K.L.:
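I'd like to ask you about the structure that follows.
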Amino acid sequence: MKNTFLICAMCGNPRQLLEKICPFCGEKDVLHEQKNHWDYFTINLESGLPRVEEAMQRFENQLEHLTGSSIRMLQVIHGQGSQGEGRIKKAFREAMQHGRWHQIISAYYFGEHLKASQTTYQFLIKQYPAIKTVLKPEMMGNPGITILILHTKNTQSLP
């Protein structure tokens, strides 16, 4: 017998086929067939040891390229610097916290907060249960990465 549950297009939670509104996030959009994983992409900002401006431009170029794709999660590798507060990491995270790219990125999670025992991780898994299939052990607790969740309707371009 065919499963009567599908995955909500917005939050990734299971939703009954005939439900018009997702009980988790209130989304009214069309349901997607259940997948066993999310599509994700890795952007390495520290590769080649670029200056901060070059790394930020690399990120924007990649983000623009991914706009409208099926990619739902980004792993951004920015490194942590020799003292734990590298310039690329600091600039990237400040931009995220100030809402830069908010039209494409719906949420962000710092790697050091992604440990099974931490509230941030528990919240992420509760909001997006399907993400468990793409979180890798090397991402968990890693201060050199940031995980980004893209809007499902990420068809807008960068300003």
Side-chain angles (χ1 to χ4, degrees), residues 7-14 22 24-25 27 29 32 34-159:
I7 297 298
C8 174
M10 181 59 70
C11 68
N13 281 300
C22 177
F24 296 96
C25 70
E27 177 66 28
D29 203 2
H32 290 279
Q34 185 170 4
K35 290 183 180 181
N36 61 359
H37 70 281
W38 271 16
D39 290 332
Y40 83 99
F41 189 78
T42 299
I43 299 174
N44 189 339
L45 299 183
E46 66 175 358
S47 176
L49 304 173
R51 292 178 301 151
V52 172
E53 299 79 24
E54 294 167 333
M56 297 298 277
Q57 188 60 53
R58 179 184 298 169
F59 176 75
E60 288 200 356
N61 292 344
Q62 290 288 332
L63 190 60
E64 182 72 30
H65 180 73
L66 295 170
T67 298
S69 73
S70 65
I71 301 297
R72 186 72 162 104
M73 183 190 101
L74 290 178
Q75 173 189 210
V76 179
I77 301 171
H78 44 62
Q80 59 181 338
S82 59
Q83 308 292 291
E85 273 303 317
R87 291 176 295 161
I88 294 172
K89 173 184 176 179
K90 183 177 182 193
F92 179 76
R93 288 186 170 183
E94 282 178 1
M96 291 301 309
Q97 290 172 320
H98 287 98
R100 192 167 175 185
W101 314 298
H102 72 277
Q103 71 276 23
I104 297 173
I105 299 169
S106 85
Y108 58 90
Y109 297 89
F110 299 148
E112 61 270 23
H113 298 151
L114 297 178
K115 295 179 184 172
S117 62
Q118 292 190 322
T119 308
T120 304
Y121 174 80
Q122 297 300 324
F123 179 78
L124 173 64
I125 297 304
K126 186 176 181 180
Q127 286 293 111
Y128 309 102
I131 202 170
K132 288 199 296 193
T133 61
V134 295
L135 290 176
K136 309 275 187 249
E138 60 270 14
M139 296 175 185
M140 309 303 283
N142 185 343
I145 69 162
T146 299
I147 298 296
L148 308 178
I149 308 298
L150 303 181
H151 291 294
T152 55
K153 299 171 186 149
N154 65 345
T155 56
Q156 283 186 308
S157 294
L158 294 173

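From a predicted model like this one, the values you see are computed outputs, not experimental measurements.
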K.L.:
Among all residues two or more places apart in sequence or in another chain, which pass the side-chain contact (heavy atoms from CB on, under 4.5 Å) test with Glu53?
P.N.:
Arg51
K.L.:
Can you name the nearest heavy-atom pair linking Glu112 to Lys115, along with the distance?
P.N.:
O-CE, 3.9 Å
K.L.:
Is any side-chain heavy atom of Ile43 less than 4.5 Å from a side-chain heavy atom of Leu148?
P.N.:
no
K.L.:
Looking at side-chain heavy atoms only, is the closest gap between Leu66 and Ile104 below 4.5 Å?
P.N.:
no
K.L.:
Using the rule side-chain contact (heavy atoms from CB on, under 4.5 Å), only one of Lys89, Met139, Glu46 pairs with Ile77; which is it?
P.N.:
Glu46
K.L.:
Does some side-chain heavy atom of Arg100 sit less than 4.5 Å from a side-chain heavy atom of Phe59?
P.N.:
no
K.L.:
First locate atom CD1 of Ile71, then atom OG1 of Thr42, and finally report the distance between them rounded to the nearest 0.5 Å.
P.N.:
9.5 Å
K.L.:
Working to the nearest 0.5 angstrom, can you tell me the gap between Met73 CE and Tyr128 OH?
P.N.:
12.5 Å
K.L.:
side-chain contact (heavy atoms from CB on, under 4.5 Å) with Ile125: which of Thr120, Leu114, Leu135?
P.N.:
Leu135
K.L.:
Taking atom NZ of Lys132 and atom CG of Leu124, what is their separation to the nearest 0.5 Å?
P.N.:
10.5 Å
K.L.:
Under 4.5 Å between any side-chain heavy atoms of Arg58 and Ser47, yes or no?
P.N.:
yes
K.L.:
Would you mind reporting whether Tyr108 and Val76 have side-chain heavy atoms less than 4.5 Å apart?
P.N.:
no
K.L.:
Can you find a heavy atom in the side chain of Leu150 that is under 4.5 Å from one in the side chain of Ile105?
P.N.:
yes
K.L.:
Please tell me if the side chains of Gln62 and Phe41 come closer than 4.5 Å, counting only heavy atoms from C-beta onward.
P.N.:
yes
K.L.:
Between Phe92 and His78, what is the ring plane arrangement, given parallel below 30°, perpendicular above 60°, and tilted in between?
P.N.:
tilted
K.L.:
At what distance, to the nearest 0.5 angstrom, does CD1 of Ile88 lie from CD of Glu54?
P.N.:
9.0 Å
K.L.:
With distance as the sole test, does His113 use its side chain to make a donor-acceptor pair with the main-chain N or O of Thr119 at under 3.5 Å?
P.N.:
no
